[in-house]
Amino acid sequence: MEALLGTYVMGIGEAEAFSERLKRELLALEAANVHAILESEPLVEEVLQGLESATICVEDMDEWLGIFNIKLRHMRQDIESIETRNNKLEMQSVNNESLIKELDKLLERLRVPSEYATSLTGGSFDEARMLQNVEACEWLTNALQSLEAPKLDPSYAKMKAVKEKRAELEKLKTTFVRRASEFLRNYFSSLVDFMISDKSYFSQRGQLKRPDHADLRYKCRTYARLLQHLKSLDKNCLGPLRNAYCHSLNLLLRREAREFANELRASTKAPRNPSVWLEASSGSNQIVNSADTSTVSEAYAKMLTIFIPLLVDESSFFAHFMCFEVPALVPPGGHGDGSKTGPNDNDANDDDLGIMDIDENDSKTGNSAELGTLNESLQELLDGIQEDFYAVVDWAYKIDPLRCISMHGITERYLSGQKADAAGFVRRLLDDLESKISLQFNRFVDEACHQIERNERNVRQMGVLSYIPRFATLATRMEQYIQGQSRDLVDQAYTKFVSIMFATLEKIAQTDPKVADIVLLENYAAFQNSLYDLANVVPTLAKFYHQASESYEQACTRHINMIIYFQFERLFQFARKIEDLMYTITPEEIPFQLGLSKMDLRKMIKSTLSGVDKSITAMYRRLQKNLTSEELLPSLWDKCKKEFLDKYESFAQLVAKIYPNETITSVAGMRELLASM
């Protein structure tokens, strides 16, 4: 504003003049503009024409731009379409590459190598070819597993090629399992047939042969891994193979046991001891001269020593060789009898088949079903061999029945060495052997009891019965044969023997009541004398020793009282009458009773005690009369004198109480008289 005003020479306060001046100048300018416009009309027309032309051009350009825009839009759509198709093609190409790789992998899985196919369908099972066969089995097992979930994607499972290849592998598996099973069955049979045909494998005349299965097991171990793979391919094929192995080896084991047992019996020289120990009619020297038959029980022990560890080893080898998922049957380094492996035990490490790395997880723990199946197979493997053990037991029994005691102890020792879950058949065999031995021994005991009972049939017997001293000799021999746990067996026999002996003794004694007590006391005394040493060390016999002692004392008391009453009957009947009346009346009234007056007392004393020394002598002779064991007489006579003195002292006390003024032979005088005789 200051610059504008500067063009005019006027002050800032002259606003109105300034405004008027501006209006005039504006009008002048507008007039000039109108004049200029009028002068430039041609130019304007020219400009308007130019503008019109430009407008037409602009419209044409706008039209062209619209067309170009449409074309560009179509091109953009085409380009986008091309890009989309290109992206799809690229993705399809990548997917195709991945698919080709996947299919190549699948084809690799489905491919059956020609060398494996040859081994599986027609290859040889010779030892030299076993490595190739095992490799083929491993490949087949892995190939079958690779076509199963989770190793195979579920989306592949329904593919026709996979199904066809799985069917082809199953056919390969079936063919191979059939061929391998048939070969192994024939192999087991031929292996055992070869051994059986060679007599040098078995015991022969004059030579006991210890069974040696080291070579057999070595040859079998060649096919151990093959069996493991057969199990993984088809568990059901193991049943017939196990049966074939059991059947073949059973023939070998039974032949070995039979030949060994036959030669063992033939080579064992032992005199035959009598089985009649307690028969009344047998000679008294028969027992004393009985021969040593220890070789019999030694032969039985040898049979167990050789065959029980062998059977346990065979059971353990069979369990591992035939792929049973059970724990080890014997501890490492041990045998079935609990003993450590000896230098002759060549098969100590036979359980290590070199196959424990296969199916290791399945083999860590055994299950009861497998153990049951194993025991059924072991029954088939070892069945029949027990007959040869029984034959040795029967042979030993015929030579010396008492050897059953030592055989029982030997068997018990082997039983205690067996684990509860050990080879089932071996434990059952030992149990059956123990039962068989007990049965045979009980048969001997029963027969001996019948021998004792037959003593009853003899007409009146006096003195010591023959079976009393013979039993002592028998018991002494039985104690010599006891081994380990056979104590109970012997104690049961003692109980049965002595019970029958005492019962028979009582029956024999009752056949003649007059001498019954003599028979009893003599025999009970003989029983004690003959068993005194044994009773000190054998509790069961000590019990019967005390029983015999009590019965002896009772028989002595009855017999002595009978003799005393027979000789001094009136004296002690008089005393008994007094004792009976003392329960009902006072002592002062007794002398006035009928038959008990002082006169009656004097008559009785005169008739009884006037020749008392003769009466005592007669009593001694009567005591001596029927006694056959003279060594008992002194002790019996001492008992008789003591019993008589006790009774006489009681009588003297009664007389002093009832008849105070009557005099009789004093107790001291009677004691001196008895002592002098």
Side-chain angles (χ1 to χ4, degrees), residues 119 123-138 176-203 209-233 237-257 259-260 306-307 309-324 328-330 335 341 344-359 374 377-378 380-382 385 423:
S119 295
S124 168
F125 288 100
D126 293 339
E127 186 174 346
R129 291 275 306 164
M130 281 316 299
L131 183 61
Q132 290 92 323
N133 286 327
V134 168
E135 288 178 354
C137 282
E138 290 176 348
F176 180 76
V177 168
R178 177 180 52 76
R179 290 178 57 250
S181 299
E182 183 178 353
F183 167 78
L184 288 174
R185 284 198 299 271
N186 295 333
Y187 182 75
F188 296 148
S189 178
S190 62
L191 202 58
V192 170
D193 288 344
F194 172 76
M195 294 182 70
I196 289 178
S197 64
D198 188 351
K199 292 185 178 180
S200 64
Y201 276 105
F202 307 104
S203 300
K209 179 82 172 179
R210 180 192 186 100
D212 184 5
H213 291 180
D215 187 52
L216 172 70
R217 295 181 189 174
Y218 174 79
K219 291 178 178 177
C220 286
R221 276 198 294 270
T222 304
Y223 300 97
R225 292 187 69 86
L226 177 62
L227 278 168
Q228 282 281 328
H229 287 295
L230 287 177
K231 178 185 176 182
S232 64
L233 289 172
C237 77
L238 286 182
L241 283 177
R242 290 167 178 172
N243 292 340
Y245 180 87
C246 290
H247 176 72
S248 297
L249 202 65
N250 179 260
L251 296 175
L252 177 65
L253 288 171
R254 290 179 65 177
R255 173 75 180 276
E256 288 172 335
E259 298 293 348
F260 190 90
I306 296 298
F307 276 93
L310 173 69
L311 297 183
V312 173
D313 284 349
E314 282 300 332
S315 300
S316 182
F317 177 81
F318 173 75
H320 287 77
F321 180 56
M322 283 298 173
C323 313
F324 284 95
L329 300 184
V330 289
H335 273 271
T341 304
N344 295 325
D345 296 326
N346 299 324
D347 302 331
N349 297 319
D350 278 344
D351 292 341
D352 182 12
L353 304 179
I355 57 178
M356 298 311 291
D357 55 329
I358 299 180
D359 290 339
L374 171 61
S377 296
L378 290 178
E380 185 178 352
L381 175 69
L382 306 175
I385 200 172

Return the set of residues passing side-chain contact (heavy atoms from CB on, under 4.5 Å) with R242 (not counting sequence neighbours), or none when no residue passes. L238, F318, M322, F324, T373
side-chain contact (heavy atoms from CB on, under 4.5 Å) assessment of R221 paired with F317: CA-CA 10 Å; R221 276 198 294 270; F317 177 81; 4.1 Å; yes
Check whether any side-chain heavy atom of L249 sits under 4.5 Å from a side-chain heavy atom of L382, and report yes or no. no
Classify the angle between the aromatic ring planes of F260 and F307 as parallel (below 30°), tilted (30 to 60°) or perpendicular (above 60°). perpendicular
Compute whether any side-chain donor of one residue and acceptor of the other, for H213 and E314, lie under 3.5 angstrom apart. yes
Could you state the interatomic distance from CZ (R178) to CZ (F183), rounded to the nearest 0.5 Å? 15.0 Å
Shortest non-hydrogen contact from L253 toward I385: O-CD1, 4.0 Å
Test item: S377 and Y245 side chains (from C-beta on) under 4.5 Å apart, heavy atoms: no
Using the side-chain contact (heavy atoms from CB on, under 4.5 Å) rule, take L311 and L378 through it: C-alpha gap first, then chi angles, then the decisive distance, then the call. CA-CA 10 Å; L311 297 183; L378 290 178; over 6 Å; no
Output yes when a side-chain donor or acceptor of T222 lies under 3.5 Å from a complementary backbone atom of K219, and no otherwise. yes
Only pairs under 3.5 Å count here: list side-chain donor-acceptor contacts from residues 186-196, not counting sequence neighbours, and write none if there are none.
unit_1	atom_1	unit_2	atom_2	d
N186	ND2	E182	O	3.2
S189	OG	D193	OD2	3.4
S190	OG	N186	O	3.1
S190	OG	Y187	O	2.9

Check the pair D313, R217 against side-chain contact (heavy atoms from CB on, under 4.5 Å), reporting the backbone distance first and the verdict last. CA-CA 11 Å; D313 284 349; R217 295 181 189 174; 3.5 Å; yes
